[in-house]
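Just below is one structure, and these are the notes that go with it.
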Amino acid sequence: MSAHDDQEDLKPSATPGYKVGAAKTAEEYAKLDAEDESLARWKASLGIVPGAGSNASGPKVTVLTLELDSPTLPPGKKIAFDLKDTARLADTKKNPIIIKEGVEYNVRITFVVNHSIISGVRYIQLVKRAGIKVDKMEQMLGSYGPTPDGKPYTKNFEPEESPSGMVARSGTYNVKSRVVDDDGEVYAEWEWFFKLAKEW
């Protein structure tokens with residue numbers, strides 16, 4: 001499978017009937033219907049207040065961490081990546097993350113919305129082994145506004161089950177992860193590797 005095919009697989013699914021609207025900043029949303037008190041309270045609960053995220057430079061979203069969690073993880077063991085630590089991600093090619101076969105686990109990401117309103121944001125994960133696609137996960141993060149204090153959001157995705165068996169345990173899996181919205185804007189993209197084993 002070529003890199004072009006990967007790009008197609010990493011595109012978000014089309015939402016029937018969805019039409020891209022004109023982009024607005026958080027400041028513009030905050031000023032819309034400003035005289036409506038109940039709407040103002042609702043927008044404030046989403047972090048849409050005058051002055052929030054008014055600095056519109058830099059990326060709209062910064063993805064901070066990716067974590068794999070499972071009730072079967074031994075006490076004290078944590079599988080997490082700081083996505084600014086590109087050397088650690090690159091090291092997984094030589095030293096893949098070990099995931100126990102046949103267990104339930106879920107992916108969790110932490111991110112900050114720096115400015116603007118983001119909507120229809122999804123996490124897409126493409127998994128290959130020996131160059132052949134074996135799995136694709138696409139899960140919705142949702143829509144968010146910037147927080148005045150820059151507090152990060154955390155999203156836990158639906159549980160998945162890791163494959164099991166001798167064939168599943170042979171070889172290294174290559175994962176391409178992407179955070180993208182319905183409009184096709186890519187907020188983050190990274191690559192990492194794992195192996196399946198009988199134990200964590």
Side-chain angles (χ1 to χ4, degrees), residues 1-33 39-40 42-69 80-86 89 106-128 133 135-160 174-192:
M1 189 174 272
S2 69
H4 174 72
D5 292 333
D6 283 358
Q7 291 306 313
E8 286 301 311
D9 276 328
L10 288 167
K11 283 185 178 176
S13 300
T15 304
Y18 173 76
K19 291 188 174 133
V20 178
K24 288 184 173 56
T25 66
E27 191 70 21
E28 289 170 324
Y29 278 114
K31 290 177 182 173
L32 282 175
D33 300 315
L39 185 58
W42 177 74
K43 288 191 286 187
S45 75
L46 298 174
I48 305 169
V49 293
S54 57
N55 178 10
S57 63
K60 286 183 189 176
V61 175
T62 304
V63 181
L64 303 174
T65 62
L66 169 80
E67 187 175 344
L68 300 181
D69 190 29
F81 301 106
D82 175 345
L83 296 181
K84 290 177 284 188
D85 188 353
T86 53
L89 285 170
N106 72 290
V107 174
R108 174 185 303 140
I109 68 168
T110 305
F111 60 98
V112 174
V113 179
N114 300 311
H115 59 83
S116 302
I117 304 299
I118 61 168
S119 63
V121 179
R122 301 158 193 257
Y123 172 73
I124 300 173
Q125 178 174 287
L126 178 65
V127 182
K128 290 180 163 186
K133 180 171 100 172
D135 188 35
K136 178 183 175 181
M137 177 178 83
E138 181 174 346
Q139 299 216 15
M140 184 65 77
L141 270 79
S143 301
Y144 300 87
T147 54
D149 58 1
K151 185 178 176 185
Y153 294 101
T154 298
K155 178 68 177 183
N156 287 297
F157 297 115
E158 293 296 317
E160 303 266 319
N174 167 235
V175 184
K176 290 185 178 175
S177 295
R178 177 181 279 182
V179 176
V180 61
D181 67 17
D182 280 337
D183 303 335
E185 184 171 351
V186 177
Y187 298 120
E189 196 167 38
W190 64 96
E191 185 175 27
W192 52 287

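The shown structure was predicted, so the numbers you read here are calculated from the model rather than taken from an experiment.
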Between [atom1] on residue [X] and [atom2] on residue [Y], distance to nearest 0.5 Å:
X	Y	atom1	atom2	result
Tyr144	Ile118	OH	CD1	7.5 Å
Phe81	Glu67	CZ	CD	10.5 Å
Met140	Lys155	CE	NZ	9.0 Å
Glu138	Ile124	CD	CD1	4.5 Å

Quick one: list whatever passes side-chain contact (heavy atoms from CB on, under 4.5 Å) with [X], sequence neighbours left out.
X	result
Thr65	Thr110
Gln139	Met137, Phe157, Glu158, Glu160
Val127	Gln125, Val134, Asp135, Tyr173, Val175, Phe194
Val112	Leu64, Asn114, Pro152

State, yes or no, whether a side-chain contact exists between [X] and [Y] at a heavy-atom distance under 4.5 Å.
X	Y	value
Asp182	Arg122	yes
Trp190	Leu66	yes
Tyr123	Ser177	yes

Quick one: closest heavy-atom pair of [X] and [Y], and the distance?
X	Y	answer
Ala188	Val63	CB-CG2, 3.4 Å
Ser116	Pro146	O-CD, 3.0 Å
Ser143	Gly120	OG-N, 3.4 Å
Asn106	Pro159	CB-CA, 4.0 Å
Asn174	Glu191	ND2-OE2, 2.7 Å
Glu189	Val186	CB-CG1, 4.3 Å

Inset, instruction - For Glu185, check salt bridge (Lys or Arg N to Asp or Glu O under 4.0 Å) against everything at least two apart and list the hits. - result: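 Applying salt bridge (Lys or Arg N to Asp or Glu O under 4.0 Å) to Glu185 gives Lys60.
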
Inset, instruction - Applying salt bridge (Lys or Arg N to Asp or Glu O under 4.0 Å), name anything that partners Asp69, two or more places apart in sequence or on another chain. - result: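 Applying salt bridge (Lys or Arg N to Asp or Glu O under 4.0 Å) to Asp69 gives Arg108.
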
Legend entry - Option passing side-chain contact (heavy atoms from CB on, under 4.5 Å) with Phe111 (candidates Thr62, Val61, Val179, Thr154):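 The residue from Thr62, Val61, Val179, Thr154 that satisfies side-chain contact (heavy atoms from CB on, under 4.5 Å) with Phe111 turns out to be Val61.
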
